[in-house]
A.B. asks: 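Quick one: structure below, then a few questions.
Because the structure is predicted, anything quoted here is derived from the model rather than measured. Atoms considered below: every heavy atom in the structure, side chains included; atoms not considered: hydrogens, waters and symmetry mates. One is the number of the first residue; the rest follow in order along the sequence.
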Amino acid sequence: MNTHLFAVPGKLDRATTSNGASTAWLATVGRLERTTIADPAIRVLQRAVRALPPGELRDLLRGGPLGHPAHPMLVQVPIGCWLSAAVLDVAPTGRGAPAALIAVGLVGIAPAAVAGWVDWADLPPDQARVGLVHALTNVAAVVFYSASLGARLRGCSRRGKLWSLAGLTAIAASGLLGGHVAYHRTVARHLAT
């Protein structure tokens, strides 16, 4: 597959690929990068997030001691739990295991989200726009998984599975957006050196 991305550091230039789905996805993300409607809110949010964590805590949340961002590592807990719950939903197992995994994922999302917001606060405008949609998609996933857990705890297993499927779909879309931001930043940094 021939793909041309990031001809200009910091901008999604164009995508040429034999895969129509990839082209459509990259065109959609490109539109997100260029849409300025949320920029005033983004600037306010970025300033607020940058003002919150003090120096050492901010460095820890950014992954300073690790030498790389903490957010990608921290998201493994909720994503792993939620994916495992989906597998158990289709496997012949006890009913309590998927609910427990969903609950652990909901707890695990908090540190991942805080680290993600700290990273997001320093993004340039084009990537901050995509990052904001990434965050909003994560919020949708948390709402869906919360509804799933609530339904399961009330004994509505089928409804819980449907909410879980909606959450998994949202987290997959969020992962695509987050992956784009991470990949884009790496390529832009590489091209700038």
Side-chain angles (χ1 to χ4, degrees), residues 5-13 25-26 28-84 101-146 167-168 170-193:
L5 292 175
F6 314 116
V8 178
K11 300 289 178 195
L12 175 63
D13 187 332
W25 168 253
L26 292 171
T28 299
V29 173
R31 281 191 297 278
L32 277 176
E33 288 179 333
R34 292 184 301 275
T35 300
T36 61
I37 193 163
D39 283 3
I42 287 172
R43 284 190 293 274
V44 168
L45 280 169
Q46 283 182 317
R47 277 193 304 271
V49 170
R50 282 193 299 263
L52 286 178
E56 287 184 25
L57 179 57
R58 181 178 185 77
D59 185 53
L60 179 65
L61 289 169
R62 298 219 48 208
L66 301 172
H68 59 79
H71 177 69
M73 178 186 70
L74 293 171
V75 299
Q76 300 306 306
V77 172
I79 292 172
C81 287
W82 295 337
L83 182 57
S84 297
L101 285 165
I102 289 169
V104 171
L106 286 168
V107 170
I109 198 73
V114 171
W117 279 108
V118 169
D119 288 344
W120 174 83
D122 294 324
L123 289 176
D126 58 334
Q127 290 306 292
R129 295 171 193 133
V130 177
L132 183 61
V133 176
H134 166 72
L136 293 173
T137 307
N138 283 330
V139 169
V142 167
V143 168
F144 296 152
Y145 277 112
S146 296
L168 191 59
I171 211 70
S174 173
L176 287 169
L177 292 165
H180 174 80
V181 170
Y183 179 77
H184 185 284
R185 289 184 71 194
T186 300
V187 170
R189 236 187 334 258
H190 175 73
L191 291 174
T193 59

A.B. asks: Distance from Ile79 atom CD1 to Asn138 atom CG, nearest 0.5 Å?
C.D. replies: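 Here the interatomic distance stands at 8.0 Å.
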A.B. asks: When rounded to the nearest 0.5 angstrom, what distance separates CD1 in Ile171 from CG in Leu168?
C.D. replies: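 The distance works out to 8.5 Å.
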A.B. asks: Taking all non-hydrogen atoms of both residues into account, name the closest pair between Ala70 and Leu61 and its distance.
C.D. replies: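 Minimum heavy-atom contact is CB-O, 3.6 Å.
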A.B. asks: Which value, rounded to the nearest 0.5 Å, describes the distance between Arg62 atom CZ and His68 atom NE2?
C.D. replies: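 So the gap between those two atoms works out to 13.5 Å.
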A.B. asks: What are the two closest heavy atoms between Trp25 and Ala173, and how far apart are they?
C.D. replies: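 Shortest heavy-atom contact: CH2-O, 4.5 Å.
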A.B. asks: Could you walk me through whether Asp39 and Arg43 pass side-chain contact (heavy atoms from CB on, under 4.5 Å), step by step?
C.D. replies: CA-CA 6 Å; Asp39 283 3; Arg43 284 190 293 274; 3.5 Å; yes
A.B. asks: In Å and rounded to the nearest 0.5 Å, what is the CG to CH2 distance from Leu132 to Trp117?
C.D. replies: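 Rounded to the nearest 0.5 Å, the CG-CH2 separation comes out at 5.5 Å.
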A.B. asks: For Ile37, look at atom CD1 and say whether over 12 heavy atoms of other residues, nucleotides or ligands are found less than 6.0 Å away.
C.D. replies: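 Counting other residues, nucleotides and ligands, CD1 of Ile37 stays at 12 neighbours or fewer.
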A.B. asks: Determine whether Ile42 and Trp120 make a side-chain contact, defined as any pair of heavy atoms from C-beta on separated by less than 4.5 Å.
C.D. replies: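 Sidechains of Trp120 and Ile42: in contact.
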A.B. asks: For Gly167 and Ala141, work out which heavy atoms get closest and say how close.
C.D. replies: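 Here Gly167 and Ala141 meet closest at O-CB, 3.8 Å.
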A.B. asks: Taking all non-hydrogen atoms of both residues into account, name the closest pair between Leu32 and Val133 and its distance.
C.D. replies: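 Smallest heavy-atom distance, with atoms named: CD2-CG2, 3.6 Å.
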A.B. asks: Report yes if the side chains of Pro65 and Asp59 come closer than 4.5 Å at any heavy-atom pair, otherwise no.
C.D. replies: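 A side-chain contact under 4.5 Å exists here.
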A.B. asks: With sequence neighbours left out, write down each residue that passes side-chain hydrogen bond (donor to acceptor under 3.5 Å, both in side chains) with Thr28, or none if nothing qualifies.
C.D. replies: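 Thr28 satisfies side-chain hydrogen bond (donor to acceptor under 3.5 Å, both in side chains) with Arg31 only.
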A.B. asks: In Å, rounded to the nearest 0.5 Å, how long is the span from CG of Leu177 to CG of Leu136?
C.D. replies: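 Interatomic distance, Leu177 CG to Leu136 CG, rounded to 0.5 Å: 10.0 Å.
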A.B. asks: Hey, are the side chains of Ile102 and Trp82 touching, using non-hydrogen atoms and a 4.5 Å cut-off?
C.D. replies: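 Answer yes - side chains close enough.
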A.B. asks: Any side-chain heavy-atom pair from His134 and Val130 closer than 4.5 angstrom?
C.D. replies: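 No. Closest side-chain heavy atoms not under 4.5 Å.
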A.B. asks: Does some side-chain heavy atom of Gln46 sit less than 4.5 Å from a side-chain heavy atom of Leu123?
C.D. replies: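 In contact.
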A.B. asks: Side-chain contact test, heavy atoms from C-beta onward, threshold under 4.5 Å: evaluate it for Asp119 versus Val181 and give yes or no.
C.D. replies: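 Result no, sub-4.5 Å side-chain heavy-atom pair not found.
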A.B. asks: Can you tell me how far apart CZ (Arg58) and CG (Leu52) are? Round to the nearest 0.5 Å.
C.D. replies: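 Reported value, rounded in 0.5 Å steps: 9.0 Å.
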A.B. asks: So, for Leu106 and Ser146, which heavy atoms are closest and what is the spacing to 0.1 Å?
C.D. replies: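 In terms of heavy atoms, the two residues are closest at CD2-OG, 3.8 Å.
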A.B. asks: Spell out, as yes or no, whether a donor-acceptor pair under 3.5 Å connects the side chain of Ser84 to the backbone of Gly80.
C.D. replies: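 At least one qualifying donor-acceptor pair exists.
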